[in-house]
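To keep things clear, I will list the structure first and then write my remarks on it.
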Amino acid sequence: MSVIVAGISLNVSAYPLLERCKVTVMSPIYDSLQRILERIDSARQRAGRSDQVGLMLAVKTQTPQTIVQATNALATLRPGPVVLGHNRVQEMVASGPALAEPEVAAHQMRLIGPLQHNKINHMLRWADGIETIASLELANRLEAACQRQERQLDVMVQVNVSDEETKSGVSPEAALDLACQVGELKCLNLIGLMTIGLNSSQEAPVRAGYARLRELAQEIAASGAPGTAACTQLSMGMTNDIEWAIAEGSTQVRVGRAVFGERN
Ligand SMILES: *Cc1c(COP(=O)(O)O)cnc(C)c1O
């Protein structure tokens, strides 16, 4: 940090990277990102884990400009492409052009909300992946669209581990079957499972759901079914419960409010 701050007083036009940082250092998002990265890292250490936990920015309702700011800020704080999660295809499309500008740091876009069939091509224009596969029909339609475009798509199966009826996702009992069917599809790369945890302040039931997701992924990856061996990522944990999710093996937390503040 001190290096970057000091850089501002230099003639930054000679340093395109520092010039970019000038914006991020002044933004409150930068401080929030630092705090959330610290939260992730101390949870990871307390869980005795030596692997990395990814941070996806859950950008729903944010303006393209804010998303660009957050992307560039996070890129200065940790290596690798920034992962952005959109809930709505419409917002993904709206932010696409701003994010495609050359001054924006390397990033990937994923859909973490429901996908209507008539939005598939809009999504494929911008998305590198989707975490909300919950039916074979959707998977088949994505496969057909990807085949036409001769491209691959990273996918996760969304599982409803909390049994709350309002939540989307396949039931835990049906997850193995669906994962095996998705694994058969040539253009879809099954990389893991995603869940929205139980909305509760009680640790035990929330963690039980996350443990269930971890066990399901292990079962799927060990099944020997074609295309399932790489089903190892666990997208779980949000602002309120990243510590519990990381303790249960989350490889990617999806954070909105802790970065951007409360949504209106
Ligand atoms: C909004 C949302 C998040 C982030 O939730 P916060 O509580 O804002 O951190 C994560 N995942 C999904 C699917 C979401 O819709």
Side-chain angles (χ1 to χ4, degrees), residues 28-29 31-41 43-44 53-64 66-67 69-71 73-74 82-95 107-116 119 123 126-135 138 154-170 175 191-203 206-207 209-210 212-213 233-264:
I29 288 178
D31 297 330
S32 316
L33 284 169
Q34 268 188 323
R35 277 195 299 274
I36 194 78
L37 288 173
E38 281 162 18
R39 255 181 85 186
I40 291 171
D41 209 51
R44 187 182 64 77
V53 178
L55 168 62
M56 168 191 274
L57 300 180
V59 298
K60 62 173 171 268
T61 75
Q62 305 305 325
T63 64
T66 301
I67 299 171
Q69 239 185 30
T71 301
L74 184 53
V82 172
V83 182
L84 304 173
H86 278 278
N87 279 74
R88 299 189 189 89
V89 174
Q90 209 181 331
E91 288 181 6
M92 181 185 277
V93 171
S95 73
H107 59 276
Q108 296 178 357
M109 271 201 242
R110 288 195 190 159
L111 189 70
I112 57 171
L115 176 60
Q116 291 167 324
K119 299 269 171 63
M123 184 204 74
W126 299 106
D128 303 286
I130 170 171
E131 300 196 351
T132 49
I133 301 283
S135 76
L138 178 60
D154 287 345
V155 304
M156 291 187 177
V157 167
Q158 181 178 2
V159 185
N160 183 359
V161 295
S162 68
D163 249 6
E164 289 170 302
E165 274 175 23
T166 52
K167 294 215 169 118
S168 34
V170 71
I191 59 169
L193 302 181
M194 176 271 211
T195 195
I196 299 173
L198 181 69
N199 186 8
S200 161
S201 55
Q202 295 204 301
E203 180 169 359
V206 174
R207 283 187 61 161
Y210 289 149
R212 187 81 202 269
L213 196 76
Q233 297 182 36
L234 297 172
S235 175
M236 57 191 199
M238 311 197 292
T239 290
N240 284 345
D241 63 7
I242 62 169
E243 283 80 8
W244 297 339
I246 290 169
E248 294 298 344
S250 171
T251 64
Q252 173 190 265
V253 292
R254 308 180 307 267
V255 179
R257 289 171 301 137
V259 173
F260 301 105
E262 291 297 325
R263 288 177 290 271
N264 298 321

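In each ligand, atom 1 is the first atom listed, and ligand 1 is the first ligand listed. Fair warning: this is a prediction, and the values are worked out from it, not measured in the lab.
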For [X], take its heavy atoms, then give the atoms of ligand 1 lying under 4.0 Å from any of them.
| X | answer |
| --- | --- |
| Gly256 | 4 (C), 6 (P), 8 (O), 9 (O) |
| Val255 | 9 (O) |
| Ala58 | 3 (C), 4 (C) |
| Arg257 | 6 (P), 7 (O), 8 (O), 9 (O) |
| Asn87 | 14 (C), 15 (O) |

With a 3.5 Å distance limit and no angle check, can you tell me whether [X] reaches the backbone of [Y] through a side-chain donor-acceptor pair?
| X | Y | result |
| --- | --- | --- |
| Glu91 | Thr61 | yes |
| Arg39 | Thr239 | yes |
| Thr195 | Gly197 | no |

Mind checking whether Asn240 has a heavy atom under 4.0 Å from ligand 1? no
Within-shell test, Arg263 vs ligand 1, heavy atom, strictly < 4.0 Å:
yes
- request: Please say whether more than 12 non-hydrogen atoms of neighbouring residues, nucleotides or ligands are located less than 6.0 Å from CG in Asp41.
  value: yes
Taking [atom] as the reference point, the nearest protein heavy atom with its distance:
| atom | answer |
| --- | --- |
| atom 6 (P) of ligand 1 | Thr239 OG1, 3.5 Å |
| atom 11 (N) of ligand 1 | Arg254 NE, 2.9 Å |
| atom 2 (C) of ligand 1 | Lys60 NZ, 2.4 Å |
| atom 13 (C) of ligand 1 | Ile112 O, 3.5 Å |

How about [X] and [Y]: do any of their side-chain heavy atoms sit closer than 4.5 Å?
| X | Y | answer |
| --- | --- | --- |
| His86 | Lys60 | no |
| Gln90 | Lys119 | no |
| Val170 | Asn160 | no |

message = Please evaluate residues Met123 and Leu115 with respect to the criterion side chain to side chain contact (heavy atoms under 4.5 Å, CB included), reporting the C-alpha separation (whole Å), side-chain torsions for both, the decisive distance (0.1 Å), and the verdict.
response = CA-CA 8 Å; Met123 184 204 74; Leu115 176 60; 3.9 Å; yes
If you compare Gln158, Met238, Glu262 by their heavy atoms, the one closest to atom 3 (C) of ligand 1 turns out to be Met238
